[in-house]
Each structure stands twice: as C-alpha cells, then as structure tokens.
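Each chain gets a letter, A, B and so on, in the order its sequence line appears, and its residues count up from 1.
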Number of protein chains: 2
Amino acid sequence: MTSRNPQQTRDNLIQTAFQEIHRHGFQGMRVDEVLRLSGLRKGAFYHHFSSKTALGYAVVEEQIRPLVRSVWLEPLAGMDDPIRELPRMLDALPERIPPMMREHGCPLNNLAQEMVDQDDGFRQRLLEVLNEWIAALETMIERGKIQGYLREDIDSRAVARFIVAALEGCIGLAKVDRSPEQWSACRSQIAGYLETLRPVAG
Amino acid sequence: MTSRNPQQTRDNLIQTAFQEIHRHGFQGMRVDEVLRLSGLRKGAFYHHFSSKTALGYAVVEEQIRPLVRSVWLEPLAGMDDPIRELPRMLDALPERIPPMMREHGCPLNNLAQEMVDQDDGFRQRLLEVLNEWIAALETMIERGKIQGYLREDIDSRAVARFIVAALEGCIGLAKVDRSPEQWSACRSQIAGYLETLRPVAG
DNA sequence: GATAGAACAGACCAACTGGTGTGTCTATAG
DNA sequence: CTATAGACACACCAGTTGGTCTGTTCTATC
C-alpha cells in the first residue's frame, strides 16, 4: 500500500481530468469517471477541489498553460527568421506533440470554444493563455522586423493573431475530417502567407 | 388556442434547439429547456423526434446546413476575381449574419469541434456540410484559374481548405476574446494571403 | 508518544436528465 | 357523421450527476 502523497493525488486527479476534458469536453467530463480512472474516491476529490469547476480551472492553469508554453512558446525563443523557421517548426510539430493532441485537437482551443460562453472564470483563464501565446508571437515578429527579416510596416499584433487563428483553424479542420496527412498542405499555405511579410528589397 | 400545425411544431422545436445548441453546445443543451422555451411538452417532442440525438441531427440538416449555404456558399456564386471580391465579401459579413453568430461564433464549427469525437452521426453530417463549403471554394478557385485571376500552379483544394480553416480560426479567436472589431484586421491578413495566389506576370 | 490537523474512504442525497406510457384531442378521409 | 390515425398533454420513472457528511487513518510536530 503506497503511503499518502497529497501532491501526487492532486496531480493524478488533474492529469486524469485533463485527459477526460480533452476527450469529452468539460461539460462531458464526469467527476465519477475521473475518480474511477484515477482510483480515488469522492472524499479525495472534494478534499483537493471545491467543485468540478475548480478542477477545470486547475486543469487550465497546471496542464494546458504549461503545454501551450512547451509546444508553442519555447520553440519561438531562438528564432531569427520567422519566414524560414516557422514552417520548419510546423513540420516537426506532429512528432513533438503527444498523440492525444493529434486525435482530439488543441486542448486550449477546444476548451475555449466550449466554455467561453458558459463560464467567465474559464474565459479569463483561457484568454490569458491565448494572449500569452499571441504576445510571444508578436515579440518574435517585432524582433524579426528589427533584424530585417520582416517588413517594418506590418501590424505585428494582427499578424500574430492571424497566425494563431490559422493554426487553430487548421488543427480544428484536421480534427473534423481526421486528415493528419493534410497538415503539410496546411503548413504550405501558412508558409505562403508568411512570404507576404518579407521585405521587398531584401 | 392556435389550431394544430405539426410542421410548425417541428420547426419550432428545431429552431429553439438550434439556438440552445449554439449557446450551450449539444451536450449542454437540455431537452426540458427547449420544451420550456418552445412552450411544448415531452409528448410533442418524442412524437417528432426519437431522441435528443435525432433532434441534433435535424438541427444540422435543417438549420446549420442551410445557414452555411446562405452565408458562405451563395455569395461565391457570382465571383470572378477571388483576390478582390473575397475580402470585400468578408467586410460585409458582419452585417449579413444574425447577431447570435457574432456572440457565439460559427454554429457549424462549434458543433463540429464538440461532437466529432463523441458521436459518429454528428461527424458524418457535419463533415458533409464542411466538405460542401470547401468544394464550393475549390470550384471558385478553379474558375479563377481559368479566367486568369489566379496562378495555375496552386493547389486549389489546399487553398480552399486553408481559407475555411483561417476563417473558422479567426471567428473562434474573436469569440474567445470578444473582439469583433478585430475582424477587419483579420480580414486584412486573409487578403494578404490571397495576394500570394495572384499570377506573377498579370 | 500524544495529538491535532491533513488526507482520505464510503455511504448517502437531492436535483436533474433523457426517456416512456397512457390517454385525449383533433384533423381528415370515407 | 364516423372511424382512424396523427398530434399532442401529462404523469411518471430509472439512471445519472455533482456534491455532502461522517468517520477513519495517516503524518508531521512538539
């Protein structure tokens, strides 16, 4: 019998809940099922979380936010020329992400689209993560301008927002028609779009 | 007391259900609430539909599909130069769609993202609608090629898919951060992308 | 090693949820 | 006018859902 480890118990609940939310949405996620999968009881659950919603918030903060950072933010750090390196990063993406994300799409966008109109707590937290992502892209674009890789008259924020929108759109489309093989085609179009940001006179 | 009108009763249920699904998702939609809003009873409901899921299917076929056709397909019919006319259409879009769509986003994409992994009946029907949309764009692009408005070496299907993906992505993003005013910025980026499809030597 | 509080187990519950069954009314064909 | 089937109303239900309550066990601290 493993000794008590409250931190591990809490993590267990959050990770299991994350997977269930990813599969069925937050409304479709069942507390009892999370308990069954994690081998815990009601007592444990409501000791660590005040409600199902509180667990959902924790999943956003402690699972989705770090995941977005590692998948989308970190690769941006050392990027010089976005036009050349972003498509390359998108190529390597399918191998970098957990298999679950290829099946069920982006956890951030899934949960956001579902819960934004249902609960303001979700909206605030998910919007924070989304804005962090957009801001990181914006920073990269600004840097690209300074280094002469990008035109200086482009609207960095608008471009950053569009990149995120296009990515989420492509992921969502691939999820619906279950065509991961179309990802490269999608990447090519994004690469084409990025070319519009290239300075005219090199 | 209004006389009986089964067709109107059925439409009433479908339209009310459509709004409730749009607001809360299919899983969040409650049969009892639809009944309350439409002023009908369980007897009426299960006379016209065999289950909640059957109602959902009817909503896709009889509400979402026609809506997609009128909003996205019909404006494509008379288009000659997509690069010039598509952005113009996107400008006029906010006034052409019902206000509900500005709040809650695209009913097609919302329902698709939610239900694709939950129910194969939804997946098939929603995929059909989506493919009809993509096919219409593809046709327009092919026409644009022939008429010399677009480069001939572009992958029509990939471009069509990306346009849909970008649109759904932008709508989804606007839904999350509730910034309809960013729509024009988003439109500009799409317009920029479309420029990449322009023939080189006019 | 006593003890207080944290970390659970497990039984229980009220509200809700989709769905059923029976009966009644109404339109329509003959 | 009457028979018949469609179009509902209404009472009812079994299973599920998130959540509570009480009690027990572990563990850190003095």
Give a yes or no on whether a salt bridge exists between B:Arg88 and B:Glu85, defined as a side-chain N under 4.0 angstrom from a carboxylate O. no
Salt-bridge present (A:Arg30, A:Asp32; N to O < 4.0 Å): no
Heavy atoms within less than 4.0 Å of DNA chain C: which residues of residues 17-33 of chain A have one? Give them sorted by number. none
When you check the side-chain N and O atoms of B:Glu114 and B:Asn110, is any donor under 3.5 Å from an acceptor? no
With the side chain counted from C-beta on, respond yes when [X] and [Y] share a heavy-atom pair under 4.5 Å apart, and no when they do not.
X	Y	result
B:Phe26	B:Lys52	yes
A:Arg69	A:Glu132	yes
A:Val60	A:Tyr57	no

What's the separation between atom CZ in A:Arg65 and atom CG in A:Leu126, rounded to the nearest 0.5 Å? 9.5 Å
Measuring from atom CG of B:Leu90 to atom OG of B:Ser184, what distance do you get when rounded to the nearest 0.5 angstrom? 11.5 Å
Rounded interatomic separation in angstrom, taking [atom1] from [X] and [atom2] from [N]:
X	N	atom1	atom2	result
B:Asn5	D:dC8	CG	P	8 Å
B:Arg10	D:dA7	CZ	P	11 Å
A:Phe49	C:dA7	CZ	P	12 Å
A:Phe45	D:dG18	CZ	C1'	9 Å
A:Arg36	D:dG18	CZ	P	14 Å
A:Leu55	D:dG19	CG	P	10 Å
A:Asn12	C:dA7	CG	C1'	14 Å
A:Asp11	C:dA7	CG	C1'	15 Å

Picking from [options], which would you name as closest to the side chain of [X]?
X	options	result
B:Arg41	C:dG19, D:dC10, D:dG19	D:dC10
A:Leu40	C:dG19, D:dG19, C:dA9	C:dA9
B:Lys42	C:dC8, C:dT20, D:dC8	C:dT20

Would a distance-only check, ignoring hydrogens and angles, find a side-chain to backbone donor-acceptor pair under 3.5 Å from A:Arg123 to B:Val176? yes
Could you write out each protein N or O paired with an N or O of nucleotides 27-30 of chain C at a distance under 3.5 Å?
none

Step through it carefully: locate the ring centre of B:Phe162, locate the ring centre of A:Tyr193, and say whether they are under 6.0 Å apart. no
Does a side-chain N or O from [X] land closer than 4.0 Å to OP1 or OP2 of [N], or not?
X	N	value
B:His48	D:dA7	no
B:Thr9	D:dA7	no
A:His47	C:dA7	yes

Give a yes or no on whether a donor-acceptor pair under 3.5 Å exists between the nucleobase atoms of D:dG19, that is its base, and the side chain of A:Lys52. no
